[in-house]
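Inspection log for the structure reproduced underneath, given as structure tokens.
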2 protein chains.
Amino acid sequence: MTKIGFGIHDHSHCIASAIHAAEVCCAREKLQFTKTRRRVLEILLSQHKALGAYEILDQLAAEGQNAQPPVAYRALDFLVSNGFAHKVEKLNAYIACSHPGAEHAPAFMICRGCNAVHEACLDTANRAPKGMFGGAAQAAGFRIETAVIEASGLCPACQSSAA
Amino acid sequence: MTKIGFGIHDHSHCIASAIHAAEVCCAREKLQFTKTRRRVLEILLSQHKALGAYEILDQLAAEGQNAQPPVAYRALDFLVSNGFAHKVEKLNAYIACSHPGAEHAPAFMICRGCNAVHEACLDTANRAPKGMFGGAAQAAGFRIETAVIEASGLCPACQSSAA
DNA sequence: TTTTACTTGTTATGATATAACATTTCATCT
DNA sequence: AGATGAAATGTTATATCATAACAAGTAAAA
Ligand SMILES: [Zn+2]
Ligand SMILES: [Zn+2]
Ligand SMILES: [Zn+2]
Ligand SMILES: [Zn+2]
């Protein structure tokens with residue numbers, strides 16, 4: 001058990017189950033879960049925070065691959081397109097999905113103190129993304145397809161240390 | 001009257017009133033509404049869409065100033081910090097606030113067809129940003145300070161043309 | 001096995017943003 | 001008005017994030 005994000009959990013299980021979920025999903029959807037794609041997802045999962053593409057490249061380089069930027073961006077595109085990871089727009093960074101397989105609108109809480117990122121699970125029925133605009137979208141005739149929802153603030157640890 | 005964003009309105013009035021609101025606010029807060037800051041806000045208002053910092057630099061250059069990147073970013077920082085403009089994270093671009101002076105959580109509808117951006121006015125009481133996470137923030141002990149809310153989809157015009 | 005689609009390797013470049021420091025302008029006090 | 005400190009600007013250089021383009025390899029389908 002290690003502290004990850006804002007809480008404690010069994011992180012090795014967390015990684016294994018996320019990888020397994022991706023394997024199952026790729027088999028079902030006939031997607032190629034190639035070595036690089038798997039490795040990038042593992043890297044994202046191992047950190048459990050938002051990583052920039054070049055941080056991932058550094059990690060790959062440390063493992064002996066001399067990977068160029070498109071390698072990271074292609075893998076990230078694949079992972080994001082298929083719901084295994086999300087882009088955190090506010091940070092220009094990428095994070096493994098905390099709810100793989102679950103139908104959900106991704107929403108993040110980003111600590112400005114330590115940059116930890118916690119993914120909330122907004123159920124698609126109630127709040128996000130359509131209901132959130134409170135009819136403004138409907139009034140404007142806008143058809144919502146996706147939504148970026150990112151809150152910035154202080155995580156519990158940083159609230160304490162800032163005291 | 002010109003078509004702007006998703007609708008029609010008196011745009012010259014729109015510009016004048018936003019500039020006036022900024023003047024009043026700066027006087028009250030003892031902020032310096034300098035020539036460059038005013039000009040950048042005017043540029044944002046004149047387009048009424050999200051502009052990249054380098055598009056603003058191009059505009060300034062066309063007016064004879066040989067402005068370097070920090071000039072645009074400093075002016076944008078000032079405008080964003082004081083609520084006269086917002087950054088659209090998804091586009092890495094900046095847009096004049098449609099509700100200057102009003103207490104509001106900014107929320108945007110971004111058309112993937114034509115890149116038009118429409119700012120919704122979420123009242124701070126009801127939906128955004130706290131209520132939106134449906135208790136997830138409270139459960140995690142996270143203290144929300146600001147929120148980015150950006151919906152992507154199709155505006156009415158692009159829905160018609162895509163028909 | 002031929003074809004086709006997809007994936008990867010690689011080079012180069014584009015797009016966005018900031019660090020650092022010298023200089024000027026502005027606000028304030030005497 | 002003149003001195004003083006804070007704020008804003010000018011400028012150079014560089015950091016950071018992302019994609020275009022094309023050649024080469026690999027896997028899936030016919
Ligand atoms: Zn997710
Ligand atoms: Zn923190
Ligand atoms: Zn606004
Ligand atoms: Zn449109």
Side-chain angles (χ1 to χ4, degrees), chain A residues 22-23 26-41 43-44 49-61 63-82 84-95 110 112 115 117 148 150, chain B residues 22-23 26-41 43-44 49-61 63-82 84-95 110 115 148 150:
Chain A
E23 281 171 346
C26 287
R28 188 179 61 237
E29 307 286 339
K30 298 202 190 302
L31 301 169
Q32 297 178 231
F33 196 45
T34 62
K35 186 178 170 182
T36 302
R37 291 168 177 177
R38 170 190 291 260
R39 190 67 200 111
V40 170
L41 180 55
I43 290 168
L44 289 176
K49 61 172 201 177
L51 293 178
Y54 282 73
E55 291 180 281
I56 289 166
L57 282 172
D58 290 345
Q59 182 70 42
L60 292 175
E63 292 168 9
Q65 310 195 34
N66 188 13
Q68 299 304 306
V71 171
Y73 283 101
R74 283 169 184 156
L76 289 167
D77 279 352
F78 173 86
L79 296 173
V80 169
S81 296
N82 295 288
F84 307 131
H86 304 292
K87 179 172 186 185
V88 181
E89 296 288 347
K90 175 106 185 183
L91 300 178
N92 291 316
Y94 304 83
I95 191 165
I110 306 164
R112 68 170 162 78
N115 268 335
V117 177
V148 171
E150 296 172 359
Chain B
E23 281 172 346
C26 287
R28 189 179 59 237
E29 307 286 338
K30 296 200 188 306
L31 301 170
Q32 295 178 229
F33 195 46
T34 62
K35 186 178 170 182
T36 302
R37 290 167 176 177
R38 170 190 292 260
R39 188 69 200 111
V40 170
L41 180 55
I43 289 169
L44 288 176
K49 62 172 200 176
L51 294 179
Y54 283 74
E55 292 180 280
I56 289 166
L57 282 172
D58 289 346
Q59 181 70 40
L60 292 175
E63 294 168 8
Q65 309 194 36
N66 188 12
Q68 299 304 305
V71 170
Y73 283 101
R74 284 169 184 156
L76 289 167
D77 279 351
F78 173 85
L79 296 173
V80 169
S81 297
N82 294 288
F84 307 132
H86 304 292
K87 179 171 187 184
V88 182
E89 296 289 347
K90 176 105 186 185
L91 302 177
N92 290 317
Y94 304 82
I95 191 166
I110 307 163
N115 267 337
V148 171
E150 297 172 359

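In this text, all values refer to a predicted model and were calculated from it rather than measured experimentally. Quick note on labels: first sequence line is chain A, next is B, and so on, each numbered from 1.
The shortest distance between the side-chain N/O atoms of A:Tyr73 and the OP1/OP2 oxygens of C:dG14 is not below 4.0 Å. Between C:dA17 and B:Asn92, a contact under 4.0 Å exists linking OP1 or OP2 to a side-chain N or O.
Legend: residues meeting side-chain hydrogen bond (donor to acceptor under 3.5 Å, both in side chains) with A:Arg74, ordered by chain and number and at least two apart, are absent. The side-chain hydrogen bond (donor to acceptor under 3.5 Å, both in side chains) test applied to B:Gln32 returns no partner, not counting sequence neighbours.
The footprint of chain B on DNA chain D, defined by a heavy-atom cutoff below 4.0 Å, extends from D:dA7 to D:dT12.
Rounding to the nearest 0.5 Å gives a distance of 12.0 Å between OH of B:Tyr54 and CG of B:Asn92. To the nearest 0.5 Å, atom NZ of residue B:Lys87 and atom CG of residue B:Asp77 are 9.5 Å apart. In this structure, the separation between CG on B:Leu51 and CG on B:Asp58 is 10.0 Å, given to the nearest 0.5 Å. Residue B:Lys49 holds its NZ atom at 13.5 Å from CD1 of B:Ile110, rounded to the nearest 0.5 Å.
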Under 4.0 Å protein heavy-atom contact, by nucleotide of nucleotides 25-30 of chain C - B base, S sugar-phosphate only: -S----
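At whole-Å resolution of the value, CD in A:Glu89 and P in C:dA17 are 12 Å apart. C:dT7 atom C1' lies 13 Å from atom CG of A:Asp77, rounded to whole Å. Rounded to whole Å, atom P of C:dA15 lies 10 Å from atom CG of B:Asp58.
In B:Lys90, the NZ atom is not crowded: 12 or fewer heavy atoms of neighbouring residues, nucleotides or ligands sit closer than 6.0 Å.
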Donor-acceptor contacts, no H, no angles, side chain residues 63-72 of chain B, under 3.5 Å, sequence neighbours left out:
from	atom 1	to	atom 2	distance (Å)
B:Glu63	OE1	B:Arg39	NE	3.0
B:Glu63	OE2	B:Arg39	NE	3.2
B:Glu63	OE2	B:Arg39	NH2	2.7
B:Glu63	OE2	B:Gln59	NE2	3.4

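Inter-residue side-chain proximity for A:Phe78 and A:Leu31 is flagged as met; some heavy-atom pair is nearer than 4.5 Å. Here the side chains of A:Arg38 and A:Glu23 are in contact, with some heavy-atom distance below 4.5 Å.
Where A:Leu91 and B:Asn66 each meet DNA chain D at their nearest nucleotide, the meeting point lying more 5' is that of B:Asn66. Nearest-nucleotide mapping onto DNA chain C: of B:Arg74 and B:Lys87, the residue sitting toward the 5' end is B:Lys87. When each of B:Gln68 and A:Tyr54 is assigned the nucleotide of DNA chain D with its nearest heavy atom, B:Gln68 is the one assigned upstream, toward the 5' end.
One axis for each end of the helix from C:dT1-D:dA30 to C:dT30-D:dA1, each built from five base pairs, and the angle between them comes to 40° at 10° resolution.
Residue B:Tyr94 is classed as a sugar-phosphate contact, given heavy-atom separations below 4.0 Å to backbone atoms only. Residue B:Phe78 is classed as having no contact, given no heavy-atom separation below 4.0 Å to the nucleic acid.
Here the closest non-hydrogen pair linking A:Leu41 and A:Phe84 is CD1-O, 3.9 Å.
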